[in-house]
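Ligands are counted one by one from 1 in listed order, and the atoms in each one are counted from 1 as well. In what follows, every heavy atom counts, from backbone to side chain, and hydrogens, waters and symmetry copies are set aside.
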Amino acid sequence: MDHVTDVAKRFAGGAQYIDGRPRTGGSGDTHSVVDPATGRTVWTYATAGPADVDAAVAAAKAALPGWAATAPGERSAALHRLSAALDARADELARAETLQCGKPIKLSTEFDVPGTVDNAAFFAGAARHLEGKAAGEYSPDHTSYVRREPVGVIGSIAPWNYPLQMAGWKILPAVAAGNTIVLKPSELTPLTALMFAEAATEAAIPDGVLNIVTGTGQGPGEHLVTHPDVAMTSFTGSTAVGTRIARLTAGTVKRLHLELGGKAPFVVFDDADLDAAVHGAVAAALINSGQDCTAATRAYVQRPLYDAFVSAVADLMATVRLGDPADPATDLGPLISFAHRDRVAAVVERARTYATVVTGGAAPGDGLAAGAYYRPTLLTGAPQHSEALQQEIFGPVLAVLPFDSDDQGLAYANDTPYGLAASAWTRDVYRAGRAAREITAGCVWINDHIPIVSEMPHGGTKSSGFGKDMSTYSFEEYTQVKHVMFDNTAVARKDWHRTVFGDR
Ligand code: NAD
């Protein structure tokens, strides 16, 4: 997998996975997977055209009645087999993820792959755990019960930052709930989604239940989300594209699930464990080169700890080892592409006019110049309403601002368009409780920042979107509730008919 020719050979069947088998895309266009650590093209593939998307949706539609009618226990067994099949390819998945994203192999190995294996096992359990109101006589003359049914064919779009995990977050709850799905991964990172689909076939998940189409957002992406046979669009990506998809699908009244951008605050109160906050901030700002929607991007530090925090964060950032992502000793790989690295660099260059770059603020030279690397960067002095504190940068850049009162720190935390995740650092249980209540976000960590678990929901509010991934909340997003009401009286002239017929 780590040599150019291996990838073309490995995916010789083509970059589309439709109805249980790979095939070549028919758009007439190609796209390339580029190793961002070296700039080498590792695979050029034919992208999906409209006919491929139509075929994938048709396969999902044909598979739907059979899969939806499968007993929950059978779907659960299939997902347990899928979890095992993913685990059996753990090494190959980790290497492919690192190759296409540039993320350090230790992150792929210790986070991306085991997280996805665990997610599959979790949704195997969730498949058998359909919840609803108790059946009963809510009117004395009737028995009511609730059915929880699949939504239909799901059209999903995923980003490049965690391609395997995002594929899992989209596919697993949908399939566990009895839906069928067509997923389009990012055109930059199709490899592990294709391997996920192969694992599903190996796990004897029926053909057509899970289909992958690959190519650009404007091409197969828009065709998929607007397809009339797609009942629900589930999207993870930027707020700009999410709002476009909301507009494109508005006329069809499809169900929408939008996991969008973030700008997570990291609030350090003056009684916090400084060492814990410093290590937490550097880890949470730099994980996946800062290309994490929940990454710590703006640290608000109460005045008494501010100077010590800034100097310790700068020192720790300087120790982070940039390098070959395939090397287990590497802490920080490149960004996803040169274009993205240049966008991050441009934000930092603009910030120089209103802020101080304490450390970083440049691409490394030496042996790393051929990759899309950017040094860990610490900014101070950026005003709350500046670009650096308001807009998602999606790179290894942390801005720090001091605050005085608790009110001010919490107000800063809430003062962006986003609401995905946040953390508060304090040893005072009342401060922690207040932060948990008052910060508007889908997740608030106390004295940590980043960890996720399959059992708990992930998803935002405000411009970070709506809908949950992971957990039984996400499983419910992929079901619809039907009320069934039985008459118990067997009486032809029912009492309530008086309201229409009078006494006749
Ligand atoms: P992006 O929005 O540019 O692309 C995401 C996906 O949408 C890709 O597959 C792309 O091909 C597709 N796409 C683009 N235009 C489209 C269109 N018009 N119609 C249909 N599909 C289209 O995002 P990205 O750069 O790949 O990923 C980074 C973004 O994802 C960041 O904003 C990050 O915060 C966000 N993200 C959010 C979460 C979350 O859970 N909230 C998780 C991961 C990433």
Does [X] approach ligand 1 within less than 4.0 angstrom via side chain, backbone, both or neither, non-hydrogen atoms only?
X: Pro185; result: backbone
X: Tyr162; result: neither
X: Leu188; result: neither
X: Leu248; result: neither

Which atoms from ligand 1 have a heavy atom of [X] less than 4.0 Å away?
X: Arg244; answer: 18 (N)
X: Glu259; answer: 37 (C), 39 (C), 40 (O), 41 (N)
X: Leu420; answer: 41 (N)
X: Asn161; answer: 43 (C), 44 (C)

#### Entry: Verdict with reasoning, Ile205 to Leu82, per side-chain contact (heavy atoms from CB on, under 4.5 Å)
CA-CA 8 Å; Ile205 291 180; Leu82 174 59; 4.1 Å; yes
### Message
Ser108 and side-chain hydrogen bond (donor to acceptor under 3.5 Å, both in side chains): which single residue from Asn288, Thr98, Asp91 fits?
### Response
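For Ser108, the side-chain hydrogen bond (donor to acceptor under 3.5 Å, both in side chains) check succeeds only for Thr98.
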### Task
Could you check Thr330, Asp112, Asn161 and say which one makes a side-chain hydrogen bond (donor to acceptor under 3.5 Å, both in side chains) with Lys103?
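That would be Asp112; it is the only one of Thr330, Asp112, Asn161 passing the side-chain hydrogen bond (donor to acceptor under 3.5 Å, both in side chains) with Lys103.
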### Task
Using a strict cut-off of less than 4.0 Å between a Lys/Arg side-chain nitrogen and an Asp/Glu carboxylate oxygen, indicate whether Glu349 and Arg352 qualify as a salt bridge.
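Salt bridge between Glu349 and Arg352, a charged N being under 4.0 Å from a carboxylate O: yes.
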### Message
Tell me whether Glu222 is salt-bridged to Arg244, with the criterion being a basic N under 4.0 Å from an acidic carboxylate O.
### Response
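Yes.
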### Query
Strictly by modelled atom types, are Ser234 and Lys170 linked by a side-chain donor-acceptor pair under 3.5 Å?
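On atom types as modelled, these side chains qualify, holding a pair under 3.5 Å.
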Closest protein heavy atom (residue, atom, distance) for [atom]:
atom: atom 15 (N) of ligand 1; result: Val241 CG1, 3.5 Å
atom: atom 28 (C) of ligand 1; result: Phe394 CE2, 3.5 Å
atom: atom 37 (C) of ligand 1; result: Leu260 O, 3.1 Å
atom: atom 12 (C) of ligand 1; result: Ile157 CG2, 3.5 Å
atom: atom 38 (C) of ligand 1; result: Cys293 SG, 3.0 Å
atom: atom 10 (C) of ligand 1; result: Glu187 OE1, 3.7 Å

### Task
Assign the ring pair His458 / Trp169 to parallel, tilted or perpendicular, where the plane angle (0 to 90°) is split at 30° and 60°.
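It falls in the tilted class, 30° to 60°.
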### Task
Please state whether the rings of Phe111 and Tyr162 are parallel, tilted or perpendicular, taking 30° and 60° as the class boundaries.
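Aromatic pair Phe111/Tyr162 classed perpendicular.
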### Query
Between Pro159, Gly237, Ala193, which one has a non-hydrogen atom sitting closest to atom 35 (C) of ligand 1?
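Result: the heavy atom closest to atom 35 (C) of ligand 1 is in Gly237.
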Sub-3.5 Å N/O-N/O distance, [X] and ligand 1:
X: His458; result: yes
X: Ala158; result: yes
X: Lys184; result: yes
X: Glu392; result: yes
X: Glu222; result: yes
X: Met166; result: no
X: Ser238; result: yes
X: Trp160; result: yes
X: Thr239; result: no
X: Gly217; result: yes

State, yes or no, whether a side-chain contact exists between [X] and [Y] at a heavy-atom distance under 4.5 Å.
X: Asn119; Y: Pro173; value: no
X: Leu188; Y: His31; value: yes
X: Pro328; Y: Lys106; value: no

### Task
Please check if a non-hydrogen protein atom sits closer than 4.0 Å to atom 4 (O) of ligand 1.
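Given the 4.0 Å limit, the answer for atom 4 (O) of ligand 1 is no, no protein heavy atom qualifies.
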### Task
Verify side-chain contact (heavy atoms from CB on, under 4.5 Å) between Asn414 and Ile439, making sure each step is shown before the conclusion.
CA-CA 6 Å; Asn414 282 332; Ile439 296 179; 3.8 Å; yes
### Glu131 backbone acceptor or donor facing Arg148 side chain under 3.5 Å
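Flag set: sc Arg148 to bb Glu131 pair under 3.5 Å.
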### Query
Would a distance-only check, ignoring hydrogens and angles, find a side-chain to backbone donor-acceptor pair under 3.5 Å from Glu477 to His257?
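It does not hold such a pair.
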### Task
Please say whether more than 12 non-hydrogen atoms of neighbouring residues, nucleotides or ligands are located less than 6.0 Å from NZ in Lys61.
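Counting other residues, nucleotides and ligands, NZ of Lys61 stays at 12 neighbours or fewer.
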### Query
Touching ligand 1 at all, Ile245? Heavy atoms, strictly under 4.0 Å?
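Judged by the 4.0 Å heavy-atom criterion, Ile245 does count as contacting ligand 1.
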### Message
Taking the six-membered ring for Trp, are Tyr300 and Tyr412 closer than 6.0 Å centroid to centroid?
### Response
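Yes, close enough.
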